[in-house]
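Shown next, in C-alpha cells, is the structure this report addresses.
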Amino acid sequence: MTQPATDKAEGPERVGTDTGDIIVCRDVHKWFGQLHVLRGIDMNVKPGEVLVIFGPSGSGKSTFIRTINRLEEHQRGDIIVDGIELTNDIRNIAAIRREIGMVFQSFNLFPHLTALQNVTLGPVKVRRTPRQEAEERAMELLRRVGIPEQAHKYPAQLSGGQQQRVAIARALAMKPKIMLFDEPTSALDPEMINEVLDVMRGLAESGMTMLCVTHEMGFARAVADRMVFFDEGLVVEQGPPSQIFGDPQQERTKQFLSQILH
Amino acid sequence: MSGGELADLPRMPPAPEPPPIRKIGWQAWLRQNLFNSWLSGLLTVVVGVALVCLAILSIQWVINARWEVVTQNLRLFLMGQYPIEHAWRVWLTLAILSVLAGVTAASSGGPTRALATWLAAGQAMLGLLMLASPMGVVAALATIANGVALWIAFLLALRRPIAGRTLGIVWLVYVPVALILLHGLGGTPLEVVPARFWGGLLLTFLLSISGIVLSFPVGVLLALGRRSDMRLISGMSTAFIEIVRGVPLITILFMASILLPLFLPGDLRIDAVLRAIGGITIFSAAYVAENVRGGLQAIPSGQIEAANAIGLNAFQRNVHIVLPQALRSVIPANVGLFISLLKDTTLVFIAGGGLLELLGVGRSVLAQPAFLGAHLEVYVFISVVFFVLCYAMSQASYRLEAAMGVGTR
C-alpha cells in the first residue's frame, strides 16, 4: 500500500509551457509486452479545446487518453498536464488526477453506493469537502445531467444512459479542468446514446477541455474543434471537422471514414 | 389503467392474461410422486415403514432417557466450574452478547426476524430446561430475560439501524470487555476467576466468538497483504497463509498449549484460554484470508480505474471501493468457515491445557459414578446445542445473501 500524498503545501513542481497549452505530449511511447501500441504521439491541447479522437480498434486511441491520467504508464516521452509533469512521483500523479475527470465505456460506477454517493465520494474523500456542501453540489450536477430524481438509486437500478450520466456527474464533481471520454456511448442502446451526447454537448459549450474517443461522427461534426485520426499507434491526420470530413489528406483517413459513414 | 375505457379502441393488442393454474387432487399427486410405478410404490412403502419405526423408537428413547444427567449437571454444561457467587458476571456477559446479536441481526438489513426469533427461542428453551434443574427459577428467569432482551434490542435496532462499521468496532471491543468481565481484574471489586474454572458452553462461546471477531480483520489484512505490490509483505503473508493452511488445527492448538510455554520465559505465563484463542484465530485467519482473496479477485479492474481516476489513494480505494464489495461477496463463504470454527472449538479439549468446553464437560460428566453409561443422552444434548447454534449461523448467512441482492451489480 502506498502512502497518501500528505504534503500539499509543497506540491509538485510546475513546469512552464510557453504556449499556454493545458496538455503537452511529446514523443509518447507505450508497449504492452512486445506490442508497440503508442509509437511516438505528439499532441498539444489548448484550454477549452474539444478533441474527438477516432480510429480503428487497436489503434491506441484509448491507451493514449489513459496515459494522460496514468491509468496506463507511458514508457518514453513527456506528458505535461496543466504545468505538472507526469512522472512516477505519486504526488504528481495525484495532482494530475485531481485536474482530470474520466468517463469510461463501461460506466464503472461503484455498485455498492447510490448515485448520490458515487458523486460525493471523490469530493469528500479527496478534496475534503464538507459532506453537506458536497451533497448540494452533487444534486446540482445530477440536475445538470438531467436525473436528480435518481439520486438515491443504486447503479443496478438505472438504465445504461442514466448510469453514464451519473458517471459524468461523478467526474465533474471533482471540478476537473479536463475531461477524458473513453468511448462513452459504445455500450449504450441506440435510444440512450443521445441523452449522453446531449450532456457532453452542454459540457463542451461551457468551455470544458475535452478529449473524446468516440465514433459518433454527428457529435464530432457539431462539437469538435479538432479531430484526430489514430492508426497503428500514430496520429495519422488531424484537423477541424470541416477538413476531416470535407477534404481528408491521407488515404488511410478517407478509407476509414468511408467505412464508418454511409 | 382499466380495460373498459380502451376496449372500444380498434386493434387493441390482447390484454395480458394470468398464467394457467395447474391443479391436481391429492390422489393424483400421490400417484404422480410416490406411486408412479410398482418399483417406486414399493420404495415408498418400505421407506415409509422404516421412517415410522425410526420415529417410534426415537420418541420412546427420548421419553425413557436419563435426562437427569443433563439437568443435574446443567450448570457444568453451561459455565463449567465458574463459582456460583460470580455467576452474575457470566449472565451479564451473555446479556451484552444477546443485545449485540439482536442489534446486529436487525442492522444487517433484510428479513432477519426469523433469525432473532430463533436465537431468542433457543434461550427461552434453555430457560425451561433450567426450571427442571437444580439451577432454579432465578437462572431460568435470567435466561428468559436474555431472550427477551435480544428481541427488544432487535426491535429497537430495526427502527434505527446501526452502521456496519460501528457494529464491527463494537464487536471488537466486546471481546476484551467480556474477557475482563469473566476473568476479573486483580485489585478491583471484580475478583479474579482463573480460566481453569471456565468451561462448558461459556468457554465454547468465548473461544468461537473471539476466534471469529479476531480472525476476520487479521484475515482481511492478510488477503490485502498477499496482493500487495511490496514483495516482502506479499511474501510474508503468502508464507503465513500457506503454512497455517498446511497444518491441522489440532497441531496448532497443541503447539499453543504445550510448546509455547516452553519457549516463553518462565515468569511470563499466558493463560490457557488466551493461548487457545490465539491458536484458533491464527488458524481461522488464514482461511478467511483465502476467502477474501477470492472476493478481491472478483472486483473488476474498471472499479480500480474509476477509483484512481477520481483521485482516491491506495488506502481510500481499498476502504471505500474494494473491500466493501469484496467482503459482501464472501460473507456466505466466511459464515461457512465460522460454523466449522464453532464446531472445531471442541478440539481444545483434546489439545490439553485443562480446558473443558461443552464436549469436555460432557466427558467429565460421564465419568461421574451416578451417570455411568449415559453417553447417548449427553452426546445428543451436546449435538442439539451445536445444531441450534450452527443452524442460526447458516440462517443468518442465507438472510444476508438475500439482503445483499439489492445494490450490488
Side-chain angles (χ1 to χ4, degrees), chain A residues 1-6 65-66 68-72 90-91 93-115 117-128 152-157 166-167 169-176 179-180 182 187, chain B residues 108-110 163-165 220-237 292 295-296 298-331 400-401 403-409:
Chain A
M1 227 179 285
T2 44
Q3 282 295 310
T6 44
I65 69 165
R66 287 158 60 87
I68 295 174
N69 67 348
R70 213 12 114 81
L71 292 186
E72 303 287 355
I90 192 98
R91 283 174 307 169
I93 296 174
I96 286 180
R97 283 179 177 161
R98 276 198 292 270
E99 310 282 353
I100 299 179
M102 184 151 190
V103 177
F104 300 87
Q105 177 177 358
S106 48
F107 325 138
N108 295 347
L109 289 181
F110 305 128
H112 60 300
L113 302 177
T114 63
Q117 288 166 335
N118 264 280
V119 180
T120 53
L121 185 70
V124 170
K125 300 298 170 195
V126 181
R127 292 226 188 260
R128 306 266 165 226
H152 297 287
K153 289 196 182 163
Y154 286 94
Q157 298 165 301
V166 173
R170 176 176 70 179
L172 290 176
M174 294 297 291
K175 302 185 180 167
M179 285 283 287
L180 306 176
D182 189 1
Chain B
S108 58
R165 208 171 303 167
V220 169
L221 287 180
L222 280 172
L224 288 175
R226 187 167 187 170
R227 283 169 54 96
S228 163
D229 293 333
M230 278 175 272
R231 282 291 168 78
L232 185 68
I233 290 180
S234 83
M236 275 166 41
S237 308
V292 172
L296 291 176
I299 305 282
S301 61
Q303 291 290 308
I304 314 276
E305 290 177 357
N308 284 338
I310 61 170
L312 298 181
N313 63 38
F315 177 76
Q316 293 167 328
R317 196 175 66 215
N318 277 324
V319 170
H320 299 294
I321 307 302
V322 176
L323 282 178
Q325 296 183 53
L327 294 186
R328 267 180 210 215
S329 64
V330 299
I331 284 175
L400 271 178
E401 259 176 277
M404 273 164 6
V406 182
T408 51
R409 252 179 296 279

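Here is how names work: the chains are called A, B, and so on, in the same order as the sequence lines, proteins then strands, and each is numbered from 1.
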- Query: Under a 4.5 Å heavy-atom cut-off, does chain B meet the side chain of A:Leu71, its backbone, both or neither?
  - Reply: side chain
- Message: Please check: side-chain N/O of A:Arg98 versus main-chain N/O of A:Met174, any donor-acceptor pairing under 3.5 Å?
- Response: no
- Mark yes or no: A:Arg170 above the aromatic ring of A:Phe107, with NZ or CZ under 6.0 Å from the six-membered ring centre and no more than 45 degrees from the axis. no
- Task: Go through the atoms of B:Gln316 and report whether side chain, backbone, both or neither lie under 4.5 Å from a heavy atom of chain A.
- Result: side chain
- Given that the side chain runs from C-beta out, which part of A:Arg70 has a heavy atom under 4.5 Å from chain B: side chain, backbone, both or neither? neither
- Just by modelled atom types, is the A:Lys125 backbone N or O under 3.5 Å from a matching donor or acceptor in the B:His320 side chain? no
- Task: Under 4.5 Å heavy-atom distance to chain B, tell me which part of A:Ile96 shows up: side chain, backbone, both or neither.
- Result: neither
- Message: Please check this pair: side chain of A:Ser106 against backbone of A:Asn108, looking for a donor-acceptor N/O pair closer than 3.5 Å.
- Response: no
